[in-house]
Amino acid sequence: MVEGIQSVSQVTSWLVSGRTLFLAIHILGVACFAYIVAKRLVPLLRAERDLRFDRPLVRLERVFKFWLGQWKHPRYKTAGTLHILIFAGFILLAMRAFAVLIVGVSQNFVMPGLSGRAGQIYDVITDYAATVVFLCMVVAVIRRLVFKPARYEVPARFGKAHTADAVFLLALIAILMVADSLFEAAKAAGQSQLGQPVETLAVLSLPWILQIALLPVATATIGKVYAGAYLLHEVTFYFLLCYRPFGIQFHVETSLFNVYFAKLDREILKPVRWGVSDEHLDQVKSFGVKTFEDFTWKHMLDFYSCADCGRCSDNCPSNAVGRPLSPRFLTIKARDYAFQHYPMFRHSDVGSGSGNGNSKPLIGHLYSEDEIWSCTTCGACEEECPLLVEYIDKIVDLRRGLIDDGNVPQSLQKPLKALESRGNPYGKMEKKKADWANAKEFQQVCQVKTLGKSNGADTLYFVDSITSYDDRMQSIGRATAKILDHVGENFGILGAAERDSGHEVRRFGEELLFTALRDHNVEAIKASGVKKIVTADPHAFNALKHDYKDVPEVEHISQVIAREVKTGKIKFNPLESRDKVYTYHDPCYLGRHNQVYDDPREVLDAIPGLKRVEMSRSRDRSFCCGGGGLMLFYEPKEEQRMGVKRVQMAAEAGANVIVTACPFCMVNLEDAIKVAGLEGKMTAIDLAELVDQEMVREGQKAV
Ligand code: SF4
Ligand code: SF4
């Protein structure tokens, strides 16, 4: 150690040697942290099971991408850059912090591999890292207090802002960086004053600046600063470690695990109960989530891991139109509940499991029914969350609980009953399902066969309820059939044998009804003997692809068209009208849930003379039109319709034609154009309709 400046392990104060003091701080700090973590694990141990231990290599790869690689952070430029810098700083400083802690009990400790030149380089890098983290803390505090982004606001109905907590924690990290730098600076200043070889400090770094400030100070004082900085570092380090699990910074500890155990197959809904097969569903006593302990342990880990950054709610269409739902607060409220009901210094005041003990029902206490029904399952929140927090499964689980208790919204009772009795939400007769294809004028241009024992085909066109029964959407069905016919596909439909795909039914929490619809369709598909399925409805596409088992491969019509444009089977006439500006609206269940972003755009760009612009929110940031399926029947409390917001976005982008690839989007967008007063100025068209309209037919020539 530097002569004149005692090693921190040898300093004696109040008859206690530094070594004893720091050893006691270590033991106390680690013991407190272990106790706190053990208490925080209690609700997870009482939670429902969740199978997240499969595919370790895939999970590790995701840890590298989303945790270490901070993959999603750049989506928000300023906050993302700050976070990446802080995170990188923490990673770089981890070894240094550990080494500094050990120095208190073992004065000559050097991290293995960090002696000599490597150690000097590491010291320089970490000097800069500490400086960058300190500066980031200053900027973050200013952002929180002065230039607060709107997404940090907490509406009164969701509780109080955690600003004070956030600022306190940021300040603690800043203090830790200063203490670390001061410790380094005092050591170097002491060495310099005593004419000893001085440890290299990175030029213009915080330790370097502090060292210059300390040089004129008396050696004895430097010795005190050195010991004091060390003590400050120790105390702050352990205080931070033990304080973080009480607030939003708990994610520092949990995020690695949260990312590792994150859902791998995001498009597949979680089962009603892990480990219970569909055949045994009738033996499940209680469906869904009714009390806090009905959440799975991973969902509780989500609650702990949320950084309260507000990105999920910032992108949530329900939140944007004033529905009583903000995903961020679904999580924050649940975390507050966990902290309150599983306290640190008392026994928890709740029982375990579904409605056991004195756990209060979540609906009515923590969440409102409207809040839970407001979600369109669009997936924007999950797409955005840098920590891979899951929402759709939780919301569906809460709905399953509501349905199990008979709490179905009034407006949904009729369509759900119709689905049960007739297999479609409109209550229409099964035999009318193929009427759209049997219309005489249409049959003159395209013959659509209904598959049966004597009527086979290679491809099934799965139409689904809305396109079969809704007069306006039947046009999408006809356009799809004409395109399939044009490219020479040997296809047919199931007609009366087709039931609703059940996609929305499942997302509304009616699992048993969904399994009945699915089983019926699977049987009919198998009996038809087809080798592949095509649909123009992204909801049916998603259900067939992910919710159904043992059915042939399924494609969305936009994928078929894109392929046939490439093979040359589909060619387009140049557009006549040059004053039309097109924009493509990504349907959530085609884009975000199935990553079909490019095919529809490639098709549009293949039409000569078509001018296309992108809306500010497109592709994986697309803004939901208002929800498909049963959402058409639900009357949410909202200030504005999502569809209206969406057509305004199209207008802002300079478009006057919105192209989409989903019948539900069409309903919402056409309706929104009227509500927004844009009739005559804007139109909506389905991609299949546009292709059918513009493609070169036999005997025609593309000019
Ligand atoms: S899925 Fe969509 S509507 Fe539901 S909470 Fe997430 S962003 Fe909001
Ligand atoms: S859930 Fe994710 S996106 Fe939402 S506030 Fe928490 S960390 Fe941010």
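Counting convention: from 1, in listed order, for ligands and their atoms alike.
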Student: For ligand 2, which atoms sit closer than 4.0 Å to a heavy atom of G310?
Tutor: 5 (S), 8 (Fe)

Student: Tell me if the CD atom of E61 is crowded by more than 12 foreign heavy atoms within 6.0 Å.
Tutor: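 Incorrect, the count does not exceed 12.
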
Student: Counting non-hydrogen protein atoms only, what is the nearest one to atom 4 (Fe) of ligand 1? Give residue, atom name and distance.
Tutor: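 Heavy-atom neighbour on the protein nearest atom 4 (Fe) of ligand 1: C375 SG, 2.3 Å.
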
Student: Nearest non-hydrogen contact with atom 3 (S) of ligand 2 belongs to which option: C306, C312, C316?
Tutor: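 The option holding the nearest heavy atom is C312.
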
Student: Are there over 12 heavy-atom neighbours, none belonging to F53, within less than 6.0 Å of that residue's CZ?
Tutor: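 Enclosed.
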
Student: On the 0 to 90° scale, with breaks at 30° and 60°, tag the W373-Y634 ring pair as parallel, tilted or perpendicular.
Tutor: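 Rings of W373 and Y634: tilted, as their planes differ by 30° to 60°.
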
Student: Mind checking whether atom 6 (Fe) of ligand 1 has an N, O or S of C381 under 2.8 Å?
Tutor: yes

Student: Looking only at protein heavy atoms, which one is nearest to atom 2 (Fe) of ligand 1, and how far off is it?
Tutor: C378 SG, 2.4 Å

Student: What distance separates F261 CZ from K298 NZ, expressed to the nearest 0.5 Å?
Tutor: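 Between atom CZ of F261 and atom NZ of K298 there are 9.5 Å.
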
Student: Hey, which atoms in ligand 2 end up nearer than 4.0 Å to a heavy atom of C385?
Tutor: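 The list of qualifying atoms is 1 (S), 2 (Fe), 3 (S), 7 (S).
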
Student: Counting N and O atoms only, with roles assigned by atom type, does the side chain of R273 sit under 3.5 Å from a partner on the main chain of E48, one being a donor and the other an acceptor?
Tutor: no

Student: Answer with side chain, backbone, both or neither: which part of Y391 has a heavy atom less than 4.0 angstrom from an atom of ligand 2?
Tutor: side chain

Student: Output the list of atoms in ligand 1 that are nearer than 4.0 Å to some heavy atom of S318, sorted by atom number.
Tutor: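 The list of qualifying atoms is 3 (S).
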
Student: Could you tell me if any non-hydrogen atom of D308 lies under 4.0 Å from any atom of ligand 2?
Tutor: yes

Student: Who's the nearest protein heavy-atom neighbour of atom 8 (Fe) of ligand 2, and how far?
Tutor: C309 SG, 2.3 Å

Student: Count the heavy atoms belonging to other residues, nucleotides or ligands that lie under 6.0 Å from CZ of F257, then report whether that count exceeds 12.
Tutor: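 Counting neighbours around CZ of F257, 12 or fewer heavy atoms of other residues, nucleotides or ligands fall under 6.0 Å, so no.
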
Student: Applying a heavy-atom cut-off of 4.0 Å, say which part of L325 lies close to ligand 1: side chain, backbone, both or neither.
Tutor: side chain

Student: Are more than 12 heavy atoms, taken from residues, nucleotides or ligands other than F246, located less than 6.0 Å from that residue's CZ atom?
Tutor: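 Buried by this count: over 12 neighbours within 6.0 Å.
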
